[in-house]
Amino acid sequence: MRTFRSRTTVLAAAGATAALALSLTACGGGSGVKASGTGGHGGSDGTVAVSSSKSPGASASSEAGASAAKSGGSKASPASDATGTAPVCAAKDLSISAARHNGPPYTHIVLTAKNTSGHSCKMTGYPEIQFLESHRENVPPVAKSKPAAPVVLKAGAPAYALVRLSDGGTDEDTEIVNGFSVTLQGGGGMAAVTAPGKGGIAVDPAKWATGYWTYELRNGADDF
């Protein structure tokens, strides 16, 4: 049986999101803290299923109606703005939510950052995630997930990042997390995100990893 150890997390429960946002200001790496939930597109269990099709441009199937696409080929950028002129997306410009990815066992989540600013902005690098108060280091990025070009979001457009929580092993030493912080690189500030599902998510500090922000989840680059 998988070992679960309950302890104080960055966010105690979905209802305490606002309190988390205030407490994270002291330890955050950027200005601007925004509280975000699981998002209005999620199902009752906060699960999103992404298609495993290998054909280029394959669209995602989602219990929540989310549209995180997964493709084996290249895809033209949906943004018309030059990357040099679009400002970096700030936490106040985005609605960031988390949904379970496939499973059970739920070894991954998908972060969705939707541009709600009314103007184009640029997502820089990868989400700097902190799951536990006992592990202040950020979840490490997966290099192969880095896109070839910057991700520029039009108003209303989403970006995605796949996050590995654990290996799903029966003997794995995991801890329960009900919420966590996401810091945007490039000075975009911090958002407090509620973990999907009623019971939170199980994370293993020895196994967790994050992908970069992308327009869609891609076969190969986002398989980790």
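This structure is a prediction, so every number in the text was calculated from the model and none was measured.
Rounded to the nearest 0.5 angstrom, His119 NE2 and Lys154 NZ are separated by 15.5 Å. Expressed to the nearest 0.5 Å, how far CD1 of Ile176 lies from CG of Asn178 amounts to 7.5 Å. For the atom pair NE2 of His101 and CD1 of Ile109, the computed distance is 11.0 Å after rounding to the nearest 0.5 Å. Interatomic distance, Thr210 OG1 to Leu162 CG, rounded to the nearest 0.5 Å: 7.5 Å.
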Run the side-chain contact (heavy atoms from CB on, under 4.5 Å) test on Ile201 and Tyr106 for me, step by step, so that the C-alpha distance in whole Å, both residues' side-chain angles and the decisive distance to 0.1 Å come before the verdict.
CA-CA 8 Å; Ile201 52 178; Tyr106 297 109; over 6 Å; no

Any chance you could lay out the side-chain contact (heavy atoms from CB on, under 4.5 Å) test for Ile129 and Leu111, step after step, and finish with the verdict?
CA-CA 11 Å; Ile129 302 168; Leu111 294 181; 3.9 Å; yes

Met123 and Leu153: side-chain contact (heavy atoms from CB on, under 4.5 Å), yes or no, with the steps?
CA-CA 7 Å; Met123 299 294 287; Leu153 301 180; 3.7 Å; yes

How far apart are the C-alpha atoms of Leu184 and Leu94, what are their side-chain angles, what is the distance that settles it, and do they pass the side-chain contact (heavy atoms from CB on, under 4.5 Å) test?
CA-CA 10 Å; Leu184 302 171; Leu94 305 170; 3.6 Å; yes

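Side-chain N or O atoms of Gln185 include one that pairs as donor or acceptor with a backbone N or O of Tyr126 at under 3.5 Å. Judged by distance alone, the side chain of Asp223 and the main-chain N or O of Asn219 form no donor-acceptor pair under 3.5 Å. Between the side chain of Thr112 and the main chain of Tyr160, no donor-acceptor pair closer than 3.5 Å is present. Tyr212 contributes no side-chain N or O that, together with a main-chain N or O of Lys144, makes up a donor-acceptor pair within less than 3.5 Å. Listed for the His108 side chain is a donor-acceptor partner under 3.5 Å among the backbone atoms of Phe224. Using modelled atom types, no side-chain atom of Lys207 and backbone atom of Gly168 make a donor-acceptor pair closer than 3.5 Å.
In the hydrophobic clustering of ILVMFWY residues, with side-chain heavy atoms under 4.5 Å counting as a link, Val193 and Leu132 come out together.
Across every non-hydrogen atom of Asp93 and Val88, the tightest pair is OD2-O, 4.2 Å. Considering all non-hydrogen atoms of both residues, Ala195 and Gly200 come closest at CB-CA, 4.4 Å. The two residues Pro147 and Arg218 come nearest to each other via the heavy atoms CA-NH1, 3.9 Å. When all heavy atoms are compared, the tightest approach of Ser166 to Glu172 is CB-OE2, 3.3 Å. For the residue pair Val110 and Leu217, the shortest heavy atom distance occurs at CG2-CD1, 3.9 Å.
Aromatic ring orientation, Phe131 versus Trp208: tilted (interplanar angle from 30° to 60°).
Side-chain atoms of Asp204 and Thr174 form no donor-acceptor pair, as typed in the model, at a separation below 3.5 Å.
At most 12 non-hydrogen atoms from other residues, nucleotides or ligands lie less than 6.0 angstrom from NZ of Lys146.
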